Amino acid sequence: MIMLDTNEGYEDAKQNLLSRIENTPEHLAEGKELYGIYCAVCHGSKGDGQGILMTREKFLGVPSYVDREITPGSVYHVLMYGKNAMGSHAGQVNATERWQIAQHVMELRQNLIKK
Ligand code: HEC
């Protein structure tokens, strides 16, 4: 599948792009650690959008994952290309790491839904 940096590419990834790695505790742990480094400043460690940059009002408009219809494929796309005010993270994390982070993000979202 070719992934395009367009809205169509985003929708396509959301529907059709499947993770290249299995769901394992090891990948999840790795994803959690990377998330803590690259994502939590904005998204918060729980994924509720209350990262330190948000609470200090250095950055605005970070959503809670629970308010977005996301899939592992859409998370991967956003990490590749960014989305609106969120920049690409393609230079910071490689493909495997993107899938590991996506696994962790989906778990955070699941935990937010349960509340
Ligand atoms: C500088 C702040 C910032 C950082 C760092 C950041 N994000 Fe975001 N993120 C945002 C903003 C702002 C949005 C809302 C973009 C929009 O308008 O849809 C967003 C949206 C998202 C979305 C929802 C996109 C959708 O499909 O609706 C996901 C998933 C996401 N970010 C994951 C991550 C992950 C994973 C990382 C770490 C690798 C990360 N973000 C790092 C600011 C950030």
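The model shown is predicted, which means the values in this text are computed figures rather than measured ones. When a ligand or atom number is given, it counts from 1 through the structure's own listing order.
- Close approach of ligand 1 to C39 (heavy-atom distance below 4.0 Å) involves ligand atoms 34 (C), 35 (C), 36 (C), 37 (C), 38 (C), 39 (C), 41 (C).
- Counting the atoms of ligand 1 from 1 in the order shown, those under 4.0 Å from a heavy atom of V105 are 35 (C).
- Within ligand 1, the atoms closer than 4.0 Å to a non-hydrogen atom of I101 are 35 (C), numbered from 1 in the order shown.
- The residue L34 has no part lying near ligand 1, judged by heavy-atom distances below 4.0 Å.
- In this structure, of C42, A85, G36, the residue bringing a heavy atom nearest to atom 3 (C) of ligand 1 is C42.
- With hydrogens and angles disregarded, a donor-acceptor distance shorter than 3.5 Å links the side chain of E97 to the backbone of N94.
- Ligand-side atoms of ligand 1 in range of Y10: 25 (C), 26 (O), 27 (O), range being under 4.0 angstrom from any heavy atom.
- The heavy atom nearest to atom 41 (C) of ligand 1, out of those in K14, Q92, K58, H89, is found in H89.
- The proximity of L53 to ligand 1, defined as any non-hydrogen pair under 4.0 Å, does not occur for either the backbone or the side chain.
- Taking every heavy atom of I70 and a limit of under 4.0 angstrom, the matching atoms of ligand 1 come to 25 (C), 26 (O).
- Set against the non-hydrogen atoms of Y38, the atoms of ligand 1 under 4.0 Å away are 5 (C), 37 (C), 38 (C), 41 (C).
- For the pair N84 and ligand 1, the shortest N or O to N or O distance falls below 3.5 Å.
- The residue A102 has no part lying near ligand 1, judged by heavy-atom distances below 4.0 Å.
- Between the choices H43, R68, H104, the shortest heavy-atom distance to atom 21 (C) of ligand 1 belongs to H43.
- Both the backbone and the side chain of K83 come within 4.0 Å of ligand 1, judged by heavy-atom distances.
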